[in-house]
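Right, one structure below, let's go through it.
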Amino acid sequence: MTINLFYIILIIITCIAVPIYAQSEKPVNSCLACHAELDDALGKPAKLIKDDVHQEMGVSCANCHGGDPASDDPEIAMSPQNGFLGAPDPLKIPQFCGRCHNDPSYMRNYNPALPTDQLDKYWTSHHGQLNKKGDIKAAECVSCHSVHDIKRANDPRSTVYFANVPATCSHCHADSAYMAGYHIPINQHTEFAESVHGIAVLQKKDSGAPACNDCHGNHAAMPPGVASIGRVCFQCHPAEAELFLASVHKDAYENLGVAECVFCHNNHKILPPQDEWFDIKNAGAICLKCHSEGDGGYNGALAMHNAVDSLQRKYDEAHSFLQTAEERGVEVSEEEFQLIEVRNSLVNIRKLLHSFNPDTVKTVSAAAFAQADSVHKAGIAALDEVKNRRTGLFIFTIITIIAVTALVLKIRAKEETSNK
Amino acid sequence: MNTIMNWLRERVQIDELLHFMQKKEVPVHKAFLWYYFGGITLFLFVVQVVTGMLLLLYYKPGADTAFESVQFLITKVKFGWLIRSLHSWSANLMVFSAFVHLFSNFFEKTYRNPREMTWISGMVMFLLALGFGFSGYLLPWNELAFFATKVGTDIAGVIPVVGKPALLFLRGGEEVTGATLNRFFGFHVSILPLIFLLFLGIHLILIQVQGMSAPLHLEGKITRRMRFFPNFALRDVAIWLVVLNILVLLSVFLPWELGVKADPYAPAPAGIRPEWYFVFMFQTLKFLPAQILFLEGELVGIGGFTLAGVILVLWPFFDRKSSKGEKQKLVPVIGTIAIVFILVMTILGYTIG
């Protein structure tokens, strides 16, 4: 009986202990153990790797650098016989990363949605072409993605997170010493930061707004050519694009060999559009680059500007009247709603300017002007109402004073009579 | 004029009524001014009734029509803005005037024997006036009113046993909906006015029959008296005219805002609070901890206010000393604490958060 009990306890202990032991047996990574002890550049990867996406997915040091991580002996662990590759040649980094990232069947095991064409695209990029020419300064994978602490692109800590992309690109492109010899400007980041896109990306953290890579491409980064700039902008501005492509300027720009959207809106420093840009009577008007007084374009620009300008003035006037009336207590919400429609029309008309068709702009403006005018009249009527109310109050107050004075006199007279 | 009077004399005992009115006198003393607040409250109630009836010509209760009908009234109807503003401002001034009337009578201990019924009827009218305010606030169906009603009725729902049925009764369902609006409209224009008029009748008859009470500490020392009709009545009319002028002035320079239409699916906007006369209670409930001993904090607060209300209504029966002509030191202490508490809590309600 005692022996049976002994065996039962032994079996139970074995059943519990074996899986626990098996579970506690973790794969050995001597790379981290040794490099963590080092304080120099060789120790840095071991410290950075904790936050790296590869480490998170179970891709070890040896998966990239080769060697035998099971061995505690550095000679054996980093022996070329055990496949140790060491740190790659900077010019070979794209191929180094591409061993996995260019292999769909391998990447499927980790992130099936991640594209695997980065390396192919890279070779088409300006960076890739320079790399092929042996330019060690040309950006490769780690220049943008960092190394050993690589994050997913949608991680706000990542160097390629949309709001961090301008800073990542400008790390090289804004460095005059680094860019010397490439003969390209280094003020892109400064200009971009002032632009509507830059404000949206950098200040408002609007992920819908374009950063550098949205216009230039990321792995296939290359400045868009004159002929393709329009198509790049059209990705986000299709309504303007449709109007522009049907306009007289489409062929004219093509013949002149000027970049479509950039010609008026600039490239990196895309500022909020101003009506002064097409105010042909203003010496700074963009239209004057090609048109002069008396030609068809000049007259068209003049007609369009007049239409937009008069509508804007009418809108401002109506808005000011309504605001004053509201501050003075008149209910004008219905008129305010109509004014919102006028404001929407203004937005639409400014978009219609891309048709460069004065007749269309004038027709739509005229309808909106009539609506703004009716709101303006309602605003005037509301202010008249305020005046009438105050006049009425004044008259009523006078009547009250007279009536109260009469009552007081009557009371006095009565009390004097009764006292006598 | 004489022909009309003679015609009336033949049919109604008008001489007896006139004789009664001429015989009635008002004691003249240093606290005489407070007598006017009863008349002011009455006048503001009359303004409420008149403007309320005019509003009824255009107001359409219902979640889809209430806001629009008020908007139409104040934008398209001649003097519609004035009628609505007069109604809203007079409602608020009426509650304020009723507060003053209540506290002045409390401090002067005019509720003492034989005027206990006058006090109770006045207190009931005061509570009904708060009910008018609460129900009327929702009627324009705007955002602030909607959420304030939601919070207000939620508080009622906290009361054990009767809370849930009371909430369902007030809202006409689980949530504040168009059904709640219809219900509040019914309370505001039919049920509350009927009950109010009954108590107003009792209150006025008692005042006319028993005459105006003098403050306890001046009893026996009053040497001057004023005839109610016409001397006091004419003074009342003069003050009413001034009050009416103030109402019009407020309506012209600070017309009552309509706000934006209530959207039951929208999140509650910041700064939701009830009408100013409920703010001291609302703020107190916010200050109370979640748990007081073994009871829910909010419940303790509601219980405290209910108890204070009941004691206040029945105060003449608690203060027997005053009825016997003895000095009651508790009244000024309680009154001052109550006023300071209401003021501080109201100010905090508007300044904190």
Side-chain angles (χ1 to χ4, degrees), chain A residues 318 321-341 371 374-420, chain B residues 22 25-26 28 36 39 43 67-86 88-89 140 142-143 224-261:
Chain A
F321 272 79
L322 286 192
Q323 221 171 11
T324 315
E326 197 183 17
E327 280 163 11
R328 293 180 187 173
V330 183
E331 227 286 324
V332 286
S333 56
E334 200 179 308
E335 287 77 14
E336 276 174 342
F337 186 75
Q338 285 175 26
L339 205 60
I340 291 171
E341 284 181 12
Q371 197 174 13
S374 114
V375 177
H376 180 213
K377 282 176 183 153
I380 293 171
L383 285 184
D384 284 344
E385 167 79 13
V386 172
K387 211 185 283 176
N388 291 341
R389 286 181 188 186
R390 291 181 182 186
T391 312
L393 172 68
F394 179 73
I395 295 166
F396 182 67
T397 308
I398 299 287
I399 294 170
T400 307
I401 292 168
I402 294 168
V404 171
T405 313
L407 277 170
V408 170
L409 292 174
K410 174 90 179 160
I411 293 163
R412 271 193 196 167
K414 276 213 169 275
E415 284 178 357
E416 275 170 18
T417 316
S418 61
N419 284 343
K420 279 174 191 170
Chain B
Q22 279 164 355
E25 287 182 328
V26 180
V28 180
Y36 292 119
F43 171 71
F67 182 86
E68 286 76 4
S69 67
V70 179
Q71 195 174 38
F72 177 81
L73 175 83
I74 62 175
T75 53
K76 303 279 188 272
V77 178
K78 200 85 178 158
F79 295 114
W81 63 274
L82 180 65
I83 300 301
R84 185 188 174 236
S85 277
L86 284 177
S88 303
W89 273 114
N142 59 27
E143 196 182 47
R224 271 186 68 202
R225 287 189 176 271
M226 180 191 286
R227 280 167 67 189
F228 178 80
F229 190 83
N231 299 37
F232 189 80
L234 284 175
R235 280 180 164 81
D236 255 346
V237 173
I239 290 172
W240 293 352
L241 280 173
V242 174
V243 171
L244 182 63
N245 202 257
I246 292 169
L247 277 178
V248 177
L249 183 101
L250 287 168
S251 302
V252 168
F253 285 100
L254 297 166
W256 210 261
E257 277 187 23
L258 179 59
V260 291
K261 189 180 175 178

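In what follows, chains carry the letters A, B, and so on, assigned in the order in which the sequence lines appear, proteins first and then strands, with residues in each chain numbered from 1. Both backbone and side-chain heavy atoms feed into the values below; hydrogens, waters and symmetry mates do not.
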For A:Gly329 and B:Pro255, which heavy atoms make the closest approach, and how far apart are they?
O-CG, 3.1 Å
Just so I know, are the side chains of A:Val404 and B:Val242 near enough to count as touching, which here means a heavy-atom distance under 4.5 Å?
yes
Test: A:Glu334 and B:Lys76 ion pair at under 4.0 Å
yes
Distance from A:Thr397 atom OG1 to B:Asn245 atom CG, nearest 0.5 Å?
4.0 Å
At a 4.5 Å cut-off on heavy atoms, which part of A:Arg389 comes close to chain B: side chain, backbone, both, or neither?
both
Heavy-atom distances under 4.5 Å only: say whether B:Glu257 touches chain A with side chain, backbone, both or neither.
neither
What I want to check is whether the side chains of B:Gln71 and A:Ser333 have a donor and an acceptor closer together than 3.5 Å.
yes
Interatomic distance, A:Glu385 atom CD to B:Thr75 atom OG1 [nearest 0.5 angstrom]
10.5 Å
For the CG atom of A:Leu407 and the CG atom of B:Asp236, what is their distance to the nearest 0.5 Å?
11.0 Å
Indicate yes or no: at least one non-hydrogen side-chain atom of B:Trp81 is less than 4.5 angstrom from one of A:Val330.
no
Chain A contacts, top residue of B:Ile239, B:Leu244, B:Leu254 (heavy-atom pairs, under 4.5 Å):
B:Leu244
Residues A:Thr400 and B:Leu241: closest non-hydrogen pair is CG2-O, 3.5 Å
Check this for me, if you would: do B:Arg235 and A:Glu415 make a salt bridge, where the nitrogen-to-carboxylate-oxygen distance has to be below 4.0 angstrom?
yes
Spatial distance of atom CZ (A:Arg412) from atom CG (B:Asn231) [nearest 0.5 Å]
13.5 Å
Counting heavy-atom pairs under 4.5 Å with chain B, the top scorer among A:Lys414, A:Arg390, A:Arg328 is A:Arg390
Applying salt bridge (charged side-chain N to carboxylate O under 4.0 Å, His left out), name anything that partners B:Glu68, two or more places apart in sequence or on another chain.
B:Lys261
